[in-house]
Amino acid sequence: MSEHIQLSIALCRIGFYTCLQKLCCKAPPPARPEYDVVCIGLSGAGKTSLLSRLCNEISDGTIPTTGAETIKIYWSRYYQGSQGVVFVLNSTASDEEMEASRSELHLAMQHPQLCTLPFLILANHQDSPAAHSVSEIQKYFELQPLNRGKRWILAGTTTNNMEAVRESFSQLISLLEEKEVLPSRI
């Protein structure tokens, strides 16, 4: 694995309903729960840009997070208390970066603190002609075999189509709400 590939993590502890309310609602919606969601992915995948745009913040001048490889051993501290996972990948990445992203996703899906949580996998930069399609990514990342007992959504995204991003997060919220009614597993 090349040393130039950097991993990064962004902690996303926002109330999705609060954020969505700002974006689309004129009247206050009924009270909804807030969820703790961790957002992870390789450096430069677009985590900060997508989340900033989702919450209607200006994301101009966003630069990739650097140096995260050195703090990777502490990632599990960010996982504690999480109720869902957003994994962002760059769908225009090189083969080497796609393999690194695939490896990190599989590690996250098998992590003891995350393995029972719903995952939203965002294949970012779908507006680029060089982007791998969502179906290619699903096949390459071997997501179908992971389907047994896992709850995940794979969606193509771009910061130019925030409606699709909001729809993806709405699907994640549905998975999070679904988990609340399910009996806990031991």
Side-chain angles (χ1 to χ4, degrees), residues 1-14 16 35-54 59 62-126 128 130-159 165 168-169 171-172 175-176 179:
M1 188 82 39
S2 175
E3 290 181 20
H4 76 277
I5 297 175
Q6 293 183 340
L7 303 172
S8 67
I9 185 170
L11 186 59
C12 176
R13 300 226 185 260
I14 62 172
F16 289 114
Y35 297 100
D36 288 337
V37 176
V38 65
C39 183
I40 57 177
L42 293 180
S43 181
K47 298 174 297 298
T48 302
S49 296
L50 282 173
L51 294 174
S52 295
R53 291 283 316 269
L54 181 67
S59 60
T62 302
I63 57 171
T65 307
T66 58
E69 182 63 36
T70 58
I71 63 166
K72 187 176 178 194
I73 58 173
Y74 302 109
W75 280 18
S76 62
R77 291 183 183 176
Y78 291 105
Y79 297 165
Q80 294 173 357
S82 294
Q83 296 165 291
V85 180
V86 176
F87 187 90
V88 182
L89 66 100
N90 178 356
S91 58
T92 65
S94 68
D95 291 344
E96 183 180 22
E97 291 169 325
M98 287 295 270
E99 180 56 35
S101 194
R102 177 185 171 279
S103 175
E104 286 303 317
L105 175 62
H106 282 246
L107 286 172
M109 289 183 134
Q110 296 168 3
H111 191 280
Q113 291 175 304
L114 304 179
C115 64
T116 60
L117 303 180
F119 274 70
L120 171 58
I121 306 160
L122 299 176
N124 200 18
H125 308 298
Q126 283 291 305
S128 171
H132 297 278
S133 71
V134 172
S135 60
E136 289 172 325
I137 290 169
Q138 181 173 340
K139 184 177 180 180
Y140 180 78
F141 276 58
E142 298 175 327
L143 293 173
Q144 211 50 44
L146 291 175
N147 205 22
R148 214 172 7 161
K150 302 275 188 213
R151 296 174 305 138
W152 55 265
I153 300 161
L154 172 62
T157 59
T158 173
T159 56
V165 175
S168 298
F169 275 88
Q171 291 175 4
L172 175 62
L175 288 179
L176 290 166
K179 178 152 175 94

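Hydrogens, waters and symmetry mates play no part in the numbers below; they use all other heavy atoms, side chains included.
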Q: Please name the pair of heavy atoms, one in W152 and one in Q138, separated by the smallest distance, quoted to 0.1 Å.
A: CH2-NE2, 3.9 Å
**Q.** Side chains of L50 and V88 in contact at under 4.5 Å (non-hydrogen atoms)
**A.** yes
Q. Taking side chain as C-beta onward, heavy atoms only, is H125 less than 4.5 Å from S91?
A. yes
Q | Pairwise side-chain contact, L42 with M98, heavy-atom cut-off 4.5 Å (strictly under) | A | no
Q: Please identify each residue that fulfils side-chain hydrogen bond (donor to acceptor under 3.5 Å, both in side chains) with Q113, with sequence neighbours left out.
A: none
Q: State the CD-CG distance between Q83 and L114, to the nearest 0.5 angstrom.
A: 12.5 Å
Q: Show your working on side-chain contact (heavy atoms from CB on, under 4.5 Å) between I121 and M109 and close with a plain yes or no.
A: CA-CA 11 Å; I121 306 160; M109 289 183 134; 4.1 Å; yes
Q: Evaluate the criterion side-chain contact (heavy atoms from CB on, under 4.5 Å) for residue pair S168 and I153; output intermediate values, then yes/no.
A: CA-CA 8 Å; S168 298; I153 300 161; 5.6 Å; no
Q: Please confirm whether H132 and Y140 have ring centers closer than 6.0 angstrom.
A: no
Q: Find out whether V85 and V37 are in side-chain contact, i.e. whether some heavy atom of one side chain is under 4.5 Å from a heavy atom of the other.
A: no
Q) Would you say V134 and Q126 make side-chain contact, with heavy atoms under 4.5 Å? A) yes
Q. With no hydrogens and no angle check, do the side chains of S82 and D36 hold a donor and an acceptor under 3.5 Å apart?
A. no
Q: Report the residue from N90, T157, T92 that forms a side-chain hydrogen bond (donor to acceptor under 3.5 Å, both in side chains) with N124.
A: T157
Q) S101: what forms a side-chain hydrogen bond (donor to acceptor under 3.5 Å, both in side chains) with it, not counting sequence neighbours? A) none
Q.
Any heavy-atom pair between the side chains of F119 and L105 that's under 4.5 Å?
A. yes
Q | Flag side-chain contact, heavy atom, 4.5 Å: S103 against L107 | A | yes
Q. Taking only residues two or more places apart in sequence, or in another chain, which ones meet T158 in a side-chain hydrogen bond (donor to acceptor under 3.5 Å, both in side chains)?
A. D127
Q: Please say which of L120, L176, L117, L175 ends up in a side-chain contact (heavy atoms from CB on, under 4.5 Å) with R151.
A: L175
Q.
As an exercise, state the distance from CG of L122 to CG of L172, rounded to the nearest 0.5 Å.
A. 9.0 Å
Q) What are the two closest non-hydrogen atoms of V86 and F169, and how far apart are they? A) CG2-CE2, 3.9 Å
(Q) Taking the basic N atoms (NZ, or NE/NH1/NH2) and the acidic carboxylate oxygens, is any pair closer than 4.0 Å for E99 and R102? (A) yes
